[in-house]
Amino acid sequence: MKKRDNSYRALSRVLPSMTEEELKAALTEELEGLRRVVVVERLHQRFTTARARRERSELMKELER
C-alpha cells in the first residue's frame, strides 16, 4: 500500500478502490515487510477476485468474436 498507515482498518478503506496492479504491489510489499497473515490473506483474496473478473471479461469478449 502506498499509504503509510499500515493498520488493517486503513487497508479495508482503500481495498475497494485498488486496481489489480496496486493489489499485487501491496501484496508483494506486505510479503517483504510486515508479513501479517490476515493482511496477506485479504490482499490475496481481493487480488484473485480482481484477476478473475478481468480474465472472465476477456473470455466473454473472445466469445463475442
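The first residue in the sequence is number 1, and the count goes up from there. Note that this is a predicted model, so its numbers are computed, not measured.
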Item to complete: Would you mind listing the cluster partners of Met60? Hydrophobic ones only (ILVMFWY), side-chain contacts under 4.5 Å, chaining allowed.
Response: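 Leu59, Leu63, which link up through side-chain heavy atoms under 4.5 Å apart, make up the rest of the cluster.
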Practice prompt. Evaluate the side-chain proximity of Val39 to Leu34: yes if any heavy-atom separation is below 4.5 Å, no if none is.
Written response: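 With C-beta onward as the side chain, the pair stays apart.
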Fill in: Any donor-acceptor N/O pair, Glu30 side chain to Arg36 backbone, under 3.5 Å
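Checked: pair present.
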Worksheet item: With Arg42, which residues qualify under side chain to side chain donor-acceptor pair (under 3.5 Å), at least two apart?
Response: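 For Arg42, the residues satisfying side chain to side chain donor-acceptor pair (under 3.5 Å) (neighbours in sequence not counted) are Gln45.
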Mind checking side chain to side chain contact (heavy atoms under 4.5 Å, CB included) for [X] and listing every partner two or more places apart, or none if nothing turns up?
X: Thr48; value: His44, Arg51
X: Thr19; value: Glu21, Glu22
X: Arg35; value: none

Worksheet item: So if you build clusters from Ile, Leu, Val, Met, Phe, Trp, Tyr with side-chain heavy-atom gaps below 4.5 Å, do Val38 and Leu11 land together?
Response: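 Linked within one cluster.
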Fill in: Pairwise side chain to side chain donor-acceptor pair (under 3.5 Å) hits with a residue in residues 53-63, at least two apart
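Counting only pairs at least two positions apart or across chains, the side chain to side chain donor-acceptor pair (under 3.5 Å) contacts touching residues 53-63 are Glu20-Arg54, Arg54-Glu58.
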Worksheet item: Looking only at heavy atoms, what is the nearest atom pair of Ala26 and Met18, with distance?
Response: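 Reported closest heavy-atom pair: CB-CE, 3.7 Å.
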Worksheet entry | Minimum heavy-atom distance between Leu15 and Leu23, given as atom pair plus value |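 Looks like CD2-CD2, 3.5 Å.
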